[in-house]
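Report on the following structure.
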Amino acid sequence: MSTDVPPRANARTWAGLAVLMAPTVLLFLAMTVLFLATPYIAADLSPTGGQLLWINDVYGFVMAGFLVTMGTLGDRVGRRGLLLAGAAVFAAASVAAAYAPNPEILIAARALMGFGAAAIMPATLSLITVMFADPRQRGTAIGLWAASVSAGVALGPLVGGLLLESLWWGAAMLIGVPVMAVVLVAAPFLIPEYRAEHAGRLDPVSVLLSLAALLPFVYGVKKLAEEGLTAVAVVSLVAGVVFGTLFVRRQLRTADPLLDIRLFANRVFTGSLGVYLLAAMAVGGVYLLFTQYLQLVAEQSPLRAGLWILPAAIGLVIVSTVTPAIARRVRPAYVVAGGLVLSTVGYLMLTGVDAVGGLPLLVAAFYVLYPGIAPTMALVPGMVVGAAPPEKAGAASAVNSTASDLGVALGVALLGSVGTLAYRAGMTGADPGAAHTLPGALETAAGLPSEAGAALADSARVAFTDGLNTAAWVAAALSATAAVLAVALLRRIPAAGAAEEPESVAEPATAEAGGPADRENAGR
């Protein structure tokens with residue numbers, strides 16, 4: 001029953017939050033942990049340039065593709081139950097990825113990891129809204145959850161570097177096994193189950209349409225970036241748009257929509273998602289190129305590369321943690337926009353990095369841009385969930401995670417492809433093995449006489465750095481656009497934790513997600 005004074009969380013509830021944060025760290029760590037391992041995977045499995053991109057970004061694409069479906073399914077069958085099922089799938093797929101004998105199996109295993117992650121991610125944020133009845137404690141819990149997202153993204157390369165220094169690249173995959181084991185053992189005792197009483201049925205046609213819209217469109221973007229305006233790219237993009245249109249029409253007509261499209265009529269909901277998507281695209285793509293520069297251009301060992309990243313990672317987590325307190329005094333839109341402006345400055349600094357002696361500027365730029373995304377990561381999830389009616393918190397959290405994960409994956413694909421195109425333009429006329437990727441060029445150079453090999457390696461490093469510079473310009477444009485969008489669409493949200501009257505969507509929305517009606521449906 002609803003009471004005037006919401007009950008405060010006890011020690012068991014906070015322990016449950018820790019259990020939810022552990023897989024959250026891991027899921028985002030899994031997106032970036034292979035960045036430093038990429039050269040080792042290239043040497044061990046000999047993937048093509050396209051396969052190398054898929055190894056890095058298929059996890060995020062699959063995760064993003066299934067998030068909305070899994071968020072809706074969790075409301076129907078139980079969020080905790082789906083969390084446990086996802087943990088089991090993720091652990092099994094991690095083992096398969098660690099011991100993959102070829103690129104194809106590694107890509108398939110990473111895709112299966114993404115499927116398991118899609119089952120886990122919506123449950124973590126939406127269960128927090130059920131577990132914490134007190135609005136102030138709920139805000140703190142969401143802030144800590146956001147910090148765990150930041151920690152996962154930030155610590156991936158460091159953890160990867162530490163493991164690569166003493167083990168092999170597959171060890172970076174195996175870290176998911178013990179974490180998911182803890183979730184499987186502890187979650188049934190510490191986390192309440194939740195399922196909506198009147199959630200309706202899961203529409204298989206909507207599920208198929210959502211996948212048919214997302215996957216061809218993403219594939220078309222990759223093909224367009226890698227090969228130009230080919231027939232395959234055009235057909236894939238058109239197919240994605242057509243199926244996306246059909247998906248939207250079905251959601252507006254069916255009694256049990258997979259995603260309530262009317263949520264997007266809320267300016268706060270849509271604006272928050274747009275900001276998150278653009279910011280994630282910018283940092284996701286640059287992060288991959290940044291870590292490759294550290295190893296392949298600046299010739300840092302995996303451990304040293306991870307240590308160069310560590311101060312920025314610590315800064316990111318600190319800023320994510322203190323941002324909610326700042327937003328109690330300053331309007332959240334301005335806090336988010338200020339951070340994005342700082343990130344834009346960092347991206348612009350990256351455009352000046354060169355292949356000889358560029359390490360100091362590279363690191364300085366990263367230390368500026370990386371903490372700048374923290375306010376977006378800390379505040380936007382709460383804005384998205386808070387803009388939706390309480391009974392749709394699960395769907396809203398799934399859409400928020402989709403924007404974040406799809407943004408990182410699109411950034412890796414888009415900016416990675418931009419960097420690849422610039423690299424190939426700079427390597428025109430080179431041996432085919434050297435013209436496609438920097439690792440291929442360095443491998444070719446190692447087999448040549450010393451003078452010729454050094455010349456080829458230097459040319460390849462210059463071409464790669466040109467690609468980094470070009471990608472940084474794109475990232476700066478994305479970040480600046482996100483800052484403008486934040487001020488334009490989110491400035492009405494007041495500071496001091498008092499949310500505005502949300503715009504009408506399907507029915508009146510409350511500022512705080514996970515209200516009493518939700519919590520009355522939660523059982524242990």
Side-chain angles (χ1 to χ4, degrees), residues 31-32 35 57 150 153-154 157 221 224-225 271-294 297-298 308-309 312-313 315-316 319 333-355 358-377 379-380 403-404 406-423 425-426 462-490:
M31 280 190 175
T32 57
F35 284 2
D57 61 33
S150 305
V153 174
V221 170
L224 185 65
S272 300
L273 292 174
V275 169
Y276 215 165
L277 180 70
L278 293 173
M281 285 179 65
V283 74
V286 164
Y287 206 161
L288 175 61
L289 297 173
F290 168 78
T291 53
Q292 289 181 320
Y293 182 103
L294 284 176
V297 178
W308 277 118
I309 293 169
L316 179 68
V319 176
Y334 299 135
V335 180
V336 170
L340 291 170
V341 168
L342 188 65
S343 289
T344 302
V345 172
Y347 293 128
L348 292 175
M349 291 170 65
L350 283 179
T351 64
V353 172
D354 60 37
L359 181 60
L361 180 58
L362 178 92
V363 171
F366 193 68
Y367 289 179
V368 171
L369 74 90
Y370 207 48
I373 66 169
T376 299
M377 301 177 77
L379 297 179
V380 168
S404 172
L406 182 60
V408 171
L410 282 173
V412 169
L414 175 62
L415 273 67
S417 298
V418 166
T420 297
L421 288 173
Y423 173 82
V462 169
F464 179 87
T465 305
D466 290 342
L468 170 65
N469 300 149
T470 304
W473 281 111
V474 177
L478 292 171
S479 184
T481 302
V484 172
L485 193 65
V487 173
L489 298 182
L490 307 178

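Please read these numbers as outputs of a predicted model, since none were measured by experiment.
Nearest heavy-atom pair, Met281 versus Leu414, reported as atom, atom and distance to 0.1 Å: CE-CD2, 3.7 Å. Closest of all the heavy-atom pairs between Leu489 and Gly271 is CD1-CA, 3.6 Å. Among all heavy-atom pairs drawn from Ala333 and Ala486, the shortest one is CB-O, 3.5 Å. Between Val368 and Met349, the shortest heavy-atom distance links the atoms CG2-SD, 4.1 Å. The two residues Leu350 and Ala472 come nearest to each other via the heavy atoms CB-CB, 3.7 Å. The two residues Val319 and Pro375 make their nearest non-hydrogen contact at CG1-CD, 4.1 Å.
Between the side chain of Ser479 and the backbone N or O of Ala476, no donor-acceptor pair lies under 3.5 Å. Tyr347 places a side-chain N or O within donor-acceptor distance of the main-chain N or O of Val283, the cut-off being under 3.5 Å. Formation of a donor-acceptor pair under 3.5 Å by the Asn469 side chain with backbone atoms of Val353 is found in this model.
With rounding to the nearest 0.5 Å, the separation of CG in Leu316 from OH in Tyr367 is 13.0 Å. The CG atom of Leu361 sits 9.5 Å away from atom CG of Leu359, with the distance rounded to the nearest 0.5 Å. Atoms CH2 and OG1, from Trp473 and Thr351 in turn, are 4.5 Å apart once rounded to the nearest 0.5 Å. Remark: Ser272 OG to Leu277 CG distance equals 12.5 Å, nearest 0.5 Å.
Looking at Leu340 and Val275, their side chains come closer than 4.5 Å, going by heavy atoms from C-beta outward. At a threshold of 4.5 Å between non-hydrogen side-chain atoms, the residues Ile373 and Leu369 do not count as touching. Using a 4.5 Å cut-off on side-chain heavy atoms (C-beta onward), Val336 and Leu490 make no contact. Under the 4.5 Å side-chain criterion, counting only non-hydrogen atoms from C-beta, Leu294 is in contact with Leu362. Looking only at side-chain heavy atoms (C-beta outward), Ile309 and Phe290 come within less than 4.5 Å of each other. In this structure the side chain of Tyr423 never reaches within 4.5 angstrom of the side chain of Asp466, judged on heavy atoms.
Ring-plane geometry between Phe366 and Tyr287 is classed as tilted, the angle between the planes lying from 30 to 60 degrees on a 0 to 90 degree scale.
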Thr470 and Leu421: CA distance, side-chain angles, deciding distance, side chain to side chain contact (heavy atoms under 4.5 Å, CB included) verdict
CA-CA 10 Å; Thr470 304; Leu421 288 173; over 6 Å; no

